[in-house]
Structures are given as C-alpha cells and as structure tokens.
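One structure below.
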Amino acid sequence: MPEGHTLHRLAAQLEENFIGRPWRVSSPQGRFEAGAKRLTDRVPERAQAWGKQLFVHLGPDIWQVHLGLYGAFSFRGDSSFTAPATLGAPRVAAEEFTPSYAEDDWIIPQPATGAVRARIHVHNGWADLRGPARCAVLNPMQYEAIIARLGPDPLQQPVGETDTRLLEQFRSNLARRRISIGAALMDQAVIAGVGNIYRAESLFEEGVSPDTPANELRGAAVTALWERLTEQLRTGFAEGIIRTLRPEAPELGARGGDLRLRRHWVYQHQGTPCLRCGATIAERELQGRRLYWCPGCQPLPAATARS
DNA sequence: CATCGATGTTTAA
DNA sequence: TAAACCTCGATGC
C-alpha cells in the first residue's frame with residue numbers, strides 16, 4: 001500500500017538488508033540497464049524516504065524509486081536475510097525455496113519472473129522491483145530539485161515528538177493555497193506522504209469537510225489535522241497496513257466484534273451508514289481520484305457553505 | 001481471453 | 001481536464 005508509511009518501511013528494510021554491503025544491481029526486464037550498470041558492485045550508504053519518494057545514496061549518485069500506484073519490492077533470501085515477502089502494492093506471497101550458493105558464497109537468486117525493473121542482490125538475499133513509476137539514477141542537482149518540491153513529511157518527526165518547524169511549514173503551505181483541504185492533502189508540495197486513504201480517513205477523524213478552503217482552516221484545526229496524520233502514518237509504519245478503524249473504538253460499542261476486518265471509516269464505504277452518525281457515506285471524483293467523506297460528521301463550515 | 005481498476009504522478013491540451 | 005505510464009489480480013464472458 002504505497003502511501004508514505006510504506007516508503008519509510010522500505011527505507012528501513014533496505015537499511016537492514018543492503019546498506020553498507022557490496023551489492024549487485026541488474027535489470028532483468030532491461031529498462032534500467034544503464035542505471036543498474038552504474039550502481040552495481042558498489043556499497044550503498046544510506047536509504048532515505050521522504051513522502052512517497054525513496055532514495056538510496058551512493059556517494060554523489062542517488063538511486064530514486066517512486067512506486068506509483070502499483071510498484072512493489074519483493075524480497076527473498078536465506079534465514080539470515082529477514083524481510084517481508086513484499087513491500088508496496090499487493091503481490092502474491094512467494095513460495096518456499098531452498099537456498100544454494102555460488103563459489104563466492106553469494107546466494108544464487110532464482111530466475112526473475114515477470115517484469116523486474118531492478119534486482120538488487122547481496123550475499124544472503126535479493127530484492128526485485130516491479131512496476132515503479134520512477135526508477136532512475138540522479139545527480140546531486142537533480143536530487144535537490146526533487147527535494148525542493150516536497151512539503152514536510154510527518155514521518156520525519158522523531159516518534160513521540162512534534163517538530164513545530166514542520167507543522168508551521170504545513171500551516172503556511174495551506175495558507176498560501178486557494179484550493180480545498182481535500183485537494184491540498186494530495187499535493188506533495190503541501191504535505192508529503194499522504195495518499196487517497198489517509199486523506200479520506202484523516203479528514204473524517206477530524207470532522208473536517210474536504211471542501212473547506214485550505215486557507216480558511218482555523219489554526220487549531222490545522223494543528224489537529226497534522227497531529228492526526230502523524231498518528232495515522234506512524235501506526236501504518238508500525239503495522240505495515242493502513243488501519244484507521246479499530247474494533248475497540250468507543251463509537252462502535254458492541255458492533256466492534258463484527259467489524260474486525262474493516263480497516264477504514266469512510267474509504268471505499270460509500271453508500272453505507274457512517275459508523276459514527278448513521279448518515280450515508282458519500283463519494284465523488286476530485287481531480288481524477290475518488291474522494292470519500294461523511295456528510296454528517298464532516299459538514300461544510302456555515303461561513304463557507306454554499307446555498 | 002478481454003477488460004477493469006488500484007494506495008500515484010507527470011505531461012499535454 | 002484528460003491522457004499516458006507502470007503491472008497484475010480480480011472479474012466477467
């Protein structure tokens with residue numbers, strides 16, 4: 001589920017399995033051959049996530065990966081290579097296999113199946129990247145240009161802390177935009193890492209209408225929205241899935257048990273009663289993406305309501 | 001076997 | 001605002 005939390009998990013996973021070790025990079029599919037050739041047989045120094053962007057630093061070269069809608073990494077290795085089967089868009093779980101080793105003691109990877117853009121390989125395992133929207137080698141200037149276009153990422157804050165500098169950047173980014181908060185949360189220059197699910201679920205939990213003009217949100221509401229997104233993204237990072245609805249939520253009472261498998265308050269629940277107020281959850285298209293909200297819990301503020 | 005849709009972004013019109 | 005792009009599982013005939 002590649003919203004920001006997935007990319008931070010990915011960066012942590014790459015740090016664990018790949019950083020500080022020589023790696024081999026290839027492009028079985030062929031569409032990243034030049035980049036793979038440049039990166040292979042070197043030692044990656046740092047993996048970094050910022051919003052939905054992933055960067056791996058190797059001296060002045062930076063490997064940039066953006067998963068887009070359906071990009072994913074899959075991991076395989078021996079028992080010393082601890083990694084989930086996949087990170088990113090949903091993929092089928094890998095089957096068991098018995099590791100074997102080459103003369104140099106490197107694990108022998110299985111043949112790539114399907115469209116593997118990039119394969120990264122260390123002595124005890126490997127990862128395959130499929131379907132990314134971007135997979136490129138950047139120079140420092142190109143990297144800086146991309147970073148400059150990204151807003152603050154709530155996951156840049158140390159766990160348990162609020163970085164007021166980042167919060168104030170979010171606040172001023174909203175104040176300068178004449179678009180709705182629903183549109184603003186999807187703009188990676190306003191806040192980095194939020195996607196369609198976190199947009200819907202954070203606005204619902206804060207009781208904010210997606211149609212509220214971004215520059216009319218009150219100060220306290222901006223702070224609360226930032227804190228809410230921080231909490232939701234941190235939970236997603238810790239658990240590896242986006243779950244904003246919990247069976248033990250007080251609003252659910254005895255219904256919680258029946259709702260164990262439901263993860264979201266409003267995302268993809270249009271046409272059904274809101275679990276908080278009973279109003280029918282609404283859905284429409286906004287800037288080419290589906291927008292979900294509860295008209296009962298998220299009314300337009302009276303001052304800006306249209307007649 | 002064909003079509004659709006998805007957690008996203010960029011480019012063109 | 002629309003189309004293009006990247007991939008694959010689910011759905012439908």
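Residue numbers start from 1 in every chain, and the chains themselves are labelled A, B, ... in the order their sequence lines are given, proteins ahead of strands. Keep in mind that the numbers below use all heavy atoms, side chains included, and drop hydrogens, waters and symmetry copies.
Residue pairs meeting the side-chain hydrogen bond (donor to acceptor under 3.5 Å, both in side chains) criterion with at least one member in residues 146-156 of chain A, sequence neighbours excluded, are His8(A)-Asp153(A).
The nearest whole Å value for the distance from the CD atom in Gln270(A) to the C1' atom in dA6(B) is 14 Å. A straight line from CG of Leu185(A) to P of dT9(B) spans 13 Å, rounded to a whole angstrom. Note: CD (Gln287(A)) to C1' (dT9(B)) measures 12 Å, nearest angstrom. Here the P atom of nucleotide dT11(B) and the CZ atom of Arg149(A) are 8 Å apart, to the nearest Å. In this entry the distance linking CG of Leu10(A) with P of dG8(B) reads 15 Å, nearest Å. The CZ-P distance, from Arg199(A) to dG8(B), rounds to 9 Å in whole Å. Atom C1' of nucleotide dT1(C) and atom CD of Glu285(A) are separated by 10 Å, given to the nearest angstrom. Atom CD in Glu239(A) sits roughly 17 Å away from atom C1' in dT7(B) (whole-Å rounding).
Side-chain atoms of Gln48(A) never come within 3.5 Å of backbone atoms of Leu54(A) as a donor-acceptor pair (strictly under, hydrogens ignored). Glu239(A) places no side-chain N or O within donor-acceptor distance of the main-chain N or O of Gly236(A), the cut-off being under 3.5 Å.
Here His121(A) pairs with Trp106(A) under the ring-ring contact (aromatic ring centres under 6.0 Å, His included) rule; sequence neighbours left out.
Grouped by direct or indirect side-chain proximity (heavy atoms under 4.5 Å, Ile/Leu/Val/Met/Phe/Trp/Tyr only), Trp126(A) sits with Phe97(A), Tyr101(A), Ile107(A). Through chains of ILVMFWY side-chain contacts below 4.5 Å, Leu138(A) is grouped with Trp50(A), Phe55(A), Ile62(A), Tyr143(A), Ile146(A), Ile147(A), Leu150(A).
By the 30° and 60° cut-offs, the orientation of the rings of Trp63(A) relative to Phe32(A) is parallel.
Phosphate proximity of dT9(B) to Lys52(A): present, with a side-chain N or O under 4.0 Å from OP1 or OP2. Arg289(A) has no side-chain polar atom (N or O) that falls below the 4.0 Å cut-off from OP1 or OP2 of dG5(B). Between Tyr267(A) and dT7(B) there is a side-chain N or O to OP1 or OP2 distance below 4.0 Å.
Looking at heavy-atom distances under 4.0 Å, Gln188(A) makes contact with sugar-phosphate atoms alone, never a base. Using a 4.0 Å heavy-atom cutoff across all strands shown, Arg290(A) reaches no nucleic acid atom at all. The residue Gly71(A) sits apart from the nucleic acid: no heavy atom pair falls under 4.0 Å.
Taking a cutoff of 4.0 Å between a charged side-chain nitrogen and a carboxylate oxygen, Lys52(A) and Glu3(A) do not qualify as a salt bridge.
Nucleotides dC13(C) and dG5(B), compared at atom P, are 13 Å apart to the nearest Å. Nucleotides dA4(C) and dC4(B) are separated by 15 Å at their P atoms, to the nearest Å. Rounded to whole Å, the separation between the P atoms of dT7(B) and dT11(C) comes to 16 Å.
Considering Tyr292(A), Tyr198(A), Trp293(A), Phe204(A) as possible partners of Trp265(A), the one that fulfils the ring pair (Phe, Tyr, Trp, His ring centres under 6.0 Å) test is Phe204(A). Shown are Ile120(A), Leu14(A), Val25(A), Ile19(A); of these, the side-chain contact (heavy atoms from CB on, under 4.5 Å) with Pro44(A) is made only by Ile19(A).
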Give me, pair by pair, the N or O atoms of the protein and of nucleotides 7-10 of chain C that are less than 3.5 Å apart, along with how far apart they are.
from	atom 1	to	atom 2	distance (Å)
dT7(C)	OP1	Gln29(A)	NE2	2.4
dC8(C)	OP1	Arg130(A)	NH1	3.4

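With the 3.5 Å cutoff on both pairing distances, Watson-Crick and G-U pairs in DNA chain B assemble into runs of at least 3 at B:1-6 with C:7-12, B:8-12 with C:1-5.
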